[in-house]
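Quick one: the structure is below, and I'll ask about it shortly.
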Amino acid sequence: MSTVQATNITCPHCGRTNRVPVAAEGRPRCGNCKQPLPWMADAGDDFTEVVEQATVPVVVDLWATWCGPCRMVSPALEKVAGLAGTIKLVKVDIDKNPRLARRFEVQAVPTLLVLDKGQTIARQSGAAPAPALRRWVEQSIAVREPAGKG
């Protein structure tokens with residue numbers, strides 16, 4: 001697929017809007033102030049490219065439009081995406097992507113995953129407030145660090 005999809009991300013440091021590819025190597029930085037940007041994207045058929053080939057850990061939000069708790073957890077996840085330069089947040093609508101829902105054995109939504117190089121390293125179902133989600137993500141990432149050698 002040669003078409004590069006991108007999303008617009010507003011820099012939390014200087015307010016400049018940046019066009020960030022949904023799949024790329026490295027970590028996005030603001031073109032104006034050079035600070036790390038939150039990296040958020042949607043995925044579907046391009047899941048392998050957007051998530052599994054990412055060079056940073058990816059928090060995957062498996063959600064549905066009809067799900068009330070999913071709508072509640074979305075702003076909290078956007079706050080967690082503020083761990084700029086550390087993670088990538090990817091949202092997957094399970095109704096539009098039933099194959100991914102089956103692959104990850106989604107029984108309830110929202111289901112949150114932390115993937116590192118395509119491997120699930122943490123999983124959680126249900127909504128939680130931003131501080132709890134942030135702790136969960138940080139602990140999940142910390143656990144993977146020593147295992148990364150080898």
Side-chain angles (χ1 to χ4, degrees), residues 4-30 33 35-145 148:
V4 177
Q5 293 184 7
T7 183
N8 290 326
I9 304 290
T10 301
C11 178
H13 305 283
C14 71
R16 175 74 51 93
T17 299
N18 293 262
R19 197 160 158 77
V20 177
V22 296
E25 288 188 15
R27 299 169 179 177
R29 292 192 172 277
C30 178
C33 72
Q35 292 294 313
L37 290 170
W39 200 355
M40 297 176 277
D42 293 317
D45 292 340
D46 57 354
F47 189 84
T48 297
E49 183 182 8
V50 174
V51 176
E52 294 175 347
Q53 295 175 0
T55 56
V56 295
V58 181
V59 176
V60 179
D61 175 16
L62 297 150
W63 68 285
T65 56
W66 47 263
C67 167
C70 296
R71 287 191 301 276
M72 289 172 33
V73 82
S74 189
L77 285 171
E78 289 177 13
K79 288 181 183 174
V80 172
L83 293 166
T86 307
I87 65 163
K88 180 178 188 179
L89 171 63
V90 176
K91 298 176 73 61
V92 176
D93 183 339
I94 63 164
D95 290 332
K96 292 180 181 174
N97 301 284
R99 181 183 54 81
L100 290 170
R102 284 190 300 276
R103 174 181 167 190
F104 291 108
E105 301 175 352
V106 174
Q107 301 292 319
V109 286
T111 292
L112 306 174
L113 309 170
V114 178
L115 275 68
D116 186 31
K117 297 179 181 77
Q119 300 296 324
T120 303
I121 59 172
R123 179 184 184 106
Q124 173 176 304
S125 293
L133 289 174
R134 186 180 183 106
R135 272 192 308 278
W136 174 71
V137 169
E138 288 173 338
Q139 290 169 354
S140 301
I141 293 170
V143 167
R144 97 186 204 305
E145 295 294 339

inquiry  = If we check side chain to side chain contact (heavy atoms under 4.5 Å, CB included) with Ile87, which of these qualifies: Val114, Val137, Val58, Val56?
reply    =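 By the side chain to side chain contact (heavy atoms under 4.5 Å, CB included) criterion, Ile87 pairs with just one of Val114, Val137, Val58, Val56: Val137.
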query = Are any side-chain N or O atoms of Thr10 and backbone N or O atoms of Gly15, one a donor and one an acceptor, separated by less than 3.5 Å?
reply =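 Not confirmed, Thr10 side chain does not pair with Gly15 backbone.
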Lys88 side chain to Val50 backbone, donor-acceptor under 3.5 Å =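 Side chain of Lys88 to backbone of Val50, a donor-acceptor pair under 3.5 Å: yes, one is there.
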CA sep, side-chain torsions, deciding dist, call: Val92, Phe104, side chain to side chain contact (heavy atoms under 4.5 Å, CB included) = CA-CA 11 Å; Val92 176; Phe104 291 108; over 6 Å; no
key: Exam field: side chain Trp39 to backbone Pro21, donor-acceptor pair closer than 3.5 Å   =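 It does hold such a pair.
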query = Quick one: are Gln124 and Leu133 in side-chain contact, heavy atoms under 4.5 Å?
reply =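 Answer yes - side chains close enough.
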request  = For Glu78, check salt bridge (Lys or Arg N to Asp or Glu O under 4.0 Å) against everything at least two apart and list the hits.
outcome  =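 Salt bridge (Lys or Arg N to Asp or Glu O under 4.0 Å) list for Glu78, sorted by chain: empty.
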ask   = Which atom pair, heavy atoms only, marks the closest approach of Pro69 to Ala127?
value =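 Reported closest heavy-atom pair: O-CB, 3.9 Å.
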message = Please give me the minimum heavy-atom distance between Val80 and Ala130, naming the atom from each residue.
response =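 Smallest interatomic distance, heavy atoms only, reads CG2-O, 3.9 Å.
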task = Evaluate the criterion side chain to side chain contact (heavy atoms under 4.5 Å, CB included) for residue pair Lys96 and Thr65; output intermediate values, then yes/no.
result = CA-CA 10 Å; Lys96 292 180 181 174; Thr65 56; 6.0 Å; no
request  = Flag yes if more than 12 heavy atoms outside Asp45 fall under 6.0 Å of its CG atom; otherwise flag no.
outcome  =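 Result for CG/Asp45: open.
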request  = Let me see the working for Trp136 and Leu112 under side chain to side chain contact (heavy atoms under 4.5 Å, CB included), right down to the final yes or no.
outcome  = CA-CA 10 Å; Trp136 174 71; Leu112 306 174; 3.8 Å; yes
task = Identify the heavy atoms of Ala64 and Asp93 that sit nearest to each other, and give their distance.
result =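 Shortest heavy-atom separation between Ala64 and Asp93 comes out as CA-OD1, 4.1 Å.
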Point-to-point distance, once rounded to the nearest 0.5 Å, from CG of Leu62 to CZ of Arg103 =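 Between atom CG of Leu62 and atom CZ of Arg103 there are 10.0 Å.
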query = Which heavy-atom pair separates Cys30 from Cys33 by the least distance, and what is that distance?
reply =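 For Cys30 and Cys33, the tightest heavy-atom pair comes out as SG-N, 3.4 Å.
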request  = Could I get the full list of side chain to side chain contact (heavy atoms under 4.5 Å, CB included) partners for Arg71, not counting sequence neighbours?
outcome  =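 By the side chain to side chain contact (heavy atoms under 4.5 Å, CB included) rule, Arg71 matches no residue at all.
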ask   = Taking all atoms of both residues into account, what is the closest heavy-atom pair of Ile121 and Ser140, and its distance?
value =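 Closest pair (atom of Ile121, atom of Ser140, distance): CD1-O, 3.6 Å.
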